[in-house]
Number of protein chains: 2
Amino acid sequence: MITNKAKYALKALTILARHSKQQFSAQQIAEEGNIPHKFLETILSELKNRKLVVSRRGSSGGYVLAKDPDEITAGDVIRMMDGPIAPLLCASPTGYRRCEDCEDEELCAIRKMMMDSRKALSSVLDKRTLKDLAKFGR
Amino acid sequence: MITNKAKYALKALTILARHSKQQFSAQQIAEEGNIPHKFLETILSELKNRKLVVSRRGSSGGYVLAKDPDEITAGDVIRMMDGPIAPLLCASPTGYRRCEDCEDEELCAIRKMMMDSRKALSSVLDKRTLKDLAKFGR
DNA sequence: CCTTTATCCTATAGAATTAATAGGAATTTG
DNA sequence: CAAATTCCTATTAATTCTATAGGATAAAGG
């Protein structure tokens, strides 16, 4: 399960991708996505620090994608907001950490399964870009 | 990410699958799996209520799998302990719930992606049985 | 029977995470 | 200068997670 934060981030970025190049305020995004405005602000500020969006202050300010929509994947966004997508850290390439209860990782059947799970998940999330998300639906 | 509870449940059941038909106490499982004993007890009690294991009290008591190891999948166990495996409830067949912020599910690109993600995850977790887990590793 | 060894049951508690909200400072436009 | 906006720092309420505590209940073996 992903958090609301990650979901809202995906939603916000998809909205920005749909209005490519246009300056879009947090308020506008919040309305279009039914996202709590203040919560969205903190999310956008994080996306800004992570260089996914560029912001402009002042009236008629707002946010724009910092990259091409096809250069940002859903996996990138979810990892930024929620951390690794692997079901266990011992199966994560990006956030690896050994289980304390584990005696021999190489022989752990659960870990092996979770590495397969992560791979399966990645085969979707790391291939879907904002461009893909933006063009489906409305 | 799955919880420790789900991980311990998988571990415990895999241990039981390896010692098929043998009565195995919580204590023994805890030692073999490096699982906190008391925590494991509550997990086993839940697995018992859910009919995955059968218990016997008293000295020389313990737990045994209630079904054949190839009749219990990792997906079953994880869902019992942690709930749906889909990244969003709106994409879950087993725990479906609409997102409050969603205007039209059928047109939601994120939901569609999450349904693909769930499917990918399921293609691993719902195919791996305790038998598979038991025979890998030591 | 009595001791030992288990499961079983209920409650509790501390820590971490989640999902926001509050309030105002800083900046830009017109 | 006014209005609109991002930006920054805190705080909070709720929930979930990860256990632990303490004892009641039951079975087996001598």
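In what follows, chains are A, B, ... by sequence order, proteins preceding strands, each numbered from 1.
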Between B/Leu40 (CG) and C/dT7 (C1'), how many Å, whole number?
12 Å
Let me know, please, whether A/His37 or A/Ser60 comes out on the 5' side of the other along DNA chain C by nearest nucleotide.
A/His37
Closest to side chain of B/Tyr63, choosing from D/dA4, C/dT7, C/dA20
C/dT7
State which of C/dT21, D/dA19, D/dT6 makes the closest approach to the side chain of A/Thr42.
C/dT21
Integer-rounded Å distance: D/dC8 C1' and A/Ile43 CD1
16 Å
Looking only at the side chain of B/Lys48 (C-beta and beyond, no hydrogens), which of the listed nucleotides D/dC7, C/dA20, C/dC8 gets closest?
C/dC8
Give a yes/no on whether any side-chain N or O of B/Ser55 is located under 4.0 angstrom from OP1 or OP2 of C/dC8.
yes
Spacing of OG1 belonging to B/Thr73 relative to CG belonging to B/Leu130, to within rounding of 0.5 Å:
8.0 Å
In whole angstrom, what separates B/Glu46's CD from C/dC8's C1'?
14 Å
Quick check on C/dA19: is either OP1 or OP2 less than 4.0 Å from any side-chain nitrogen or oxygen of A/Tyr8?
no
Euclidean distance, A/Leu40 CG relative to A/Ile15 CD1, rounded to 0.5 Å:
8.5 Å
Distance test, side-chain N/O of B/Lys38 to OP1/OP2 of D/dA21, below 4.0 Å
no
Regarding the side chain of B/Ala26, the nearest nucleotide among C/dT7, D/dT20, D/dT6 is C/dT7
Can a side-chain donor-acceptor contact be found between A/Thr129 and A/Asp70 if the only test is distance below 3.5 angstrom?
no
What is the minimum heavy-atom distance between A/Ala9 and A/Leu47, and which atoms define it?
CB-CD1, 4.3 Å
Calculate the interatomic distance between B/Ile29 atom CD1 and C/dA6 atom P; express it in whole Å.
12 Å
Is there a side-chain polar atom (N or O) of B/Lys5 under 4.0 Å from OP1 or OP2 of D/dT18?
no
Would you classify B/Glu41 as touching base, sugar-phosphate or nothing, given that sugar-phosphate means primed atoms plus P, OP1 and OP2, and contacts are heavy atoms under 4.0 Å?
base
Report the distance from atom CD of B/Gln23 to atom C1' of D/dA27, rounded to the nearest whole Å.
11 Å
What nucleotide, of C/dT29, C/dA26, D/dC17, holds the atom closest to the side chain of B/Thr3?
D/dC17
Within this structure, what is the CD1-to-C1' distance between A/Ile2 and C/dA19, rounded to whole angstrom?
14 Å
Rounded to the nearest angstrom, tell me the gap between atom CE in A/Met1 and atom P in D/dT15.
15 Å
Under 4.0 angstrom, heavy atoms only, what part of the nucleic acid is A/Ser45 near: base, sugar-phosphate, or nothing?
nothing
Step by step, would you call A/Glu32 with A/His19 a side chain to side chain donor-acceptor pair (under 3.5 Å)?
CA-CA 12 Å; A/Glu32 189 158 327; A/His19 301 270; 3.2 Å; yes
Does a side-chain N or O from A/Asn4 land closer than 4.0 Å to OP1 or OP2 of C/dT18, or not?
no
Measure from CD on A/Glu100 to P on D/dT18 and round the result to the nearest Å.
12 Å
Can you tell me how far CD of B/Gln27 sits from CD1 of B/Ile35, rounded to the nearest 0.5 angstrom?
11.5 Å
